[in-house]
Colleague: 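Encoded as structure tokens, here's the structure I'll be asking about.
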Protein chains: 2
Amino acid sequence: MPQSKREHLIDAALTLFNGYGYNATGIDRILAEAGTAKMTLYKHFKSKDDLILAALRRRDEEFRLRLSRAVESMADTPRGRLLALFDAHADWFDKENFRGCMFINAVAEFANLSEPIQAMAAENKRLIRAYISELAAEAGANDPDALAVELGLLLNGAIVSAQIDRSPESAGQARNAAAVLVEAALGG
Amino acid sequence: MPQSKREHLIDAALTLFNGYGYNATGIDRILAEAGTAKMTLYKHFKSKDDLILAALRRRDEEFRLRLSRAVESMADTPRGRLLALFDAHADWFDKENFRGCMFINAVAEFANLSEPIQAMAAENKRLIRAYISELAAEAGANDPDALAVELGLLLNGAIVSAQIDRSPESAGQARNAAAVLVEAALGG
DNA sequence: TAATATATAGAACGATCTGTCCATATCAAT
DNA sequence: ATTGATATGGACAGATCGTTCTATATATTA
């Protein structure tokens with residue numbers, strides 16, 4: 001299983017990075033969780049930073065896929081999907097292993113070092129905004145990007161509030177604000 | 001100068017924690033910046049975590065004081081002050097040493113450890129919301145707390161966007177959204 | 001069966017970090 | 001002038017971390 005070992009390492013890394021942070025999670029802990037040897041890790045990744053980057057890459061793909069699937073399953077109309085974004089986040093906040101956004105946390109930890117990690121985080125946020133912009137365009141917004149930026153701000157604000165205040169209800173509060181913004185952008 | 005040494009240590013710690021993060025900033029670096037000896041630090045604080053906590057306490061006081069002063073100097077009407085919150089944040093984002101919110105970053109780094117730090121961050125966000133709620137009440141909102149929560153979400157969203165995307169303009173975008181919410185809450 | 005690639009466990013290394021200890025120096029107050 | 005509190009600089013211990021290395025085992029393929 002040549003590919004599988006690599007995936008197991010990324011799996012374990014994602015779980016631990018999410019639960020305890022990047023610096024606080026040691027290599028040995030990842031190896032124990034993945035059930036692999038140290039040399040195997042360094043065969044697949046040239047450093048811990050490289051593993052972090054690979055993990056964030058997978059996180060980005062999975063997160064956006066899960067988000068879009070949840071949104072589509074929750075609402076039929078384009079306008080409804082814009083608000084379903086917040087319901088999907090509410091479900092996320094309610095999970096017991098919720099520890100905030102892994103990209104926000106990564107940028108916080110690697111303050112000015114590690115440009116690739118910063119770039120990966122910015123890319124994730126950019127792609128999510130692009131997805132929201134698509135939804136806004138389908139809903140008939142005449143400036144989809146502007147609405148997407150504003151809803152993105154509310155989503156990120158809800159994430160950090162849920163994390164800091166341990167208040168999953170921030171998703172609903174953000175949804176209330178989003179409803180007003182959507183109403184204003186699309187007309188009653 | 002018995003009090004001053006302590007203050008110098010907190011000053012240096014704040015600067016370095018903001019610039020490089022909490023874990024990445026070693027004790028020795030703080031000592032060099034503050035120009036004090038190691039034993040002096042451990043006379044005033046019983047551990048690095050204790051110093052972090054003291055620094056965050058000072059940050060909380062100074063930040064809220066600066067914010068309220070900036071808001072009051074920027075607008076005369078209560079309604080104008082609600083929007084001036086975002087202008088004050090715009091000035092902050094433009095500073096070259098802007099590295100995001102120190103409380104958001106602290107919670108990101110100390111994922112589940114260090115309850116006192118988590119509590120300090122939650123307290124800071126709570127006090128800011130309380131201040132916004134005061135402004136909203138003065139502006140005549142009939143549910144000031146609800147409006148304060150929503151504007152707080154936009155502020156936090158703007159902070160992390162400015163940090164991740166290195167886009168100070170997120171303050172203006174949040175302000176646009178806030179204007180719509182304020183309009184809806186206070187009536188045209 | 002033999003050969004090749006890959007995984008294993010864990011020792012070892014160098015670097016870094018927090019926190020303690022010590023002997024010396026400074027300075028204000030009696 | 002002497003005392004007592006406080007600061008200094010640096011050595012030190014103890015722990016942890018990322019990374020490299022060695023030697024052994026396993027499994028696939030020719």
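The structure presented is a predicted model; accordingly, all values stated were derived computationally and were not measured. A note on names: the letters A, B, ... follow the listed sequences, proteins ahead of strands, and every chain is numbered from 1.
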Colleague: Please determine whether residues L154(A) and F93(B) belong to a single hydrophobic cluster, defined as Ile, Leu, Val, Met, Phe, Trp and Tyr linked transitively by side-chain heavy-atom distances below 4.5 Å.
Modeller: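 L154(A) and F93(B): one cluster.
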Colleague: Just the rounded figure in Å: distance from P of dA7(D) to CG of L41(B).
Modeller: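 Rounding to the nearest Å, CG of L41(B) and P of dA7(D) are 11 Å apart.
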Colleague: Quick one: Y20(A) OH to dT16(D) P, roughly how many Å, whole number?
Modeller: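 Going from Y20(A) (OH) to dT16(D) (P), I get 16 Å.
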Colleague: Report, one pair per line, the protein and nucleotides 19-28 of chain C atoms (nitrogen or oxygen only) whose separation is under 3.5 Å.
Modeller:
residue	atom	partner	partner atom	Å
dG19(C)	OP2	Y42(B)	OH	2.8
dG19(C)	OP2	K48(B)	N	2.8
dG19(C)	O5'	Y42(B)	OH	3.4
dG19(C)	O6	K38(B)	NZ	2.9

Colleague: What is the distance from CD1 of I52(B) to P of dC17(C), rounded to the nearest Å?
Modeller: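 The answer, rounded to whole Å, is 14 Å.
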Colleague: To the nearest Å, how far apart are L31(B) CG and dC17(C) P?
Modeller: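 So the CG-P distance, L31(B) to dC17(C), works out to 12 Å.
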Colleague: Can you measure H44(B) atom NE2 to dA5(D) atom C1' for me and round it to whole angstrom units?
Modeller: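 Distance check: H44(B) NE2 to dA5(D) C1' gives 12 Å.
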Colleague: Not counting sequence neighbours, which residues clear salt bridge (Lys or Arg N to Asp or Glu O under 4.0 Å) with R59(A)? List them please.
Modeller: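 In terms of salt bridge (Lys or Arg N to Asp or Glu O under 4.0 Å), with neighbours along the sequence ignored, R59(A) is linked to no residue.
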Colleague: Which heavy atom in F110(B) sits nearest to a heavy atom in I52(B), and how many Å separate them?
Modeller: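 In this case the closest contact between F110(B) and I52(B) is CZ-CD1, 3.8 Å.
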Colleague: So which of L53(A), T40(A), I10(A) actually passes side chain to side chain contact (heavy atoms under 4.5 Å, CB included) with F45(A)?
Modeller: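 Among the candidates, only I10(A) passes.
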Colleague: Check R129(A), K125(A), Q118(A) against D165(B) for a side chain to side chain donor-acceptor pair (under 3.5 Å) and give me the one that passes.
Modeller: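 Only one option passes, and that is R129(A).
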Colleague: In whole angstrom, give the distance that lies between atom CG of D50(A) and atom P of dG18(D).
Modeller: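 After rounding, the reported distance stands at 14 Å.
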Colleague: So, does T36(A) get its side chain near the phosphate of dA7(C), meaning an N or O under 4.0 Å from OP1 or OP2?
Modeller: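 It does not, given that no N or O in the side chain of T36(A) lies less than 4.0 Å from OP1 or OP2 of dA7(C).
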Colleague: Could you state the CD1-P distance from I30(A) to dT19(D), rounded to the nearest angstrom?
Modeller: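 Roughly 11 Å, once rounded to whole Å.
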Colleague: Provide the closest heavy-atom pair for C101(A) versus I159(A) in the form atom of the first, atom of the second, distance.
Modeller: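 Closest heavy-atom pair between C101(A) and I159(A): N-CG2, 3.6 Å.
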Colleague: Report the distance from atom NZ of K43(A) to atom C1' of dA5(C), rounded to the nearest whole Å.
Modeller: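 Going from K43(A) (NZ) to dA5(C) (C1'), I get 10 Å.
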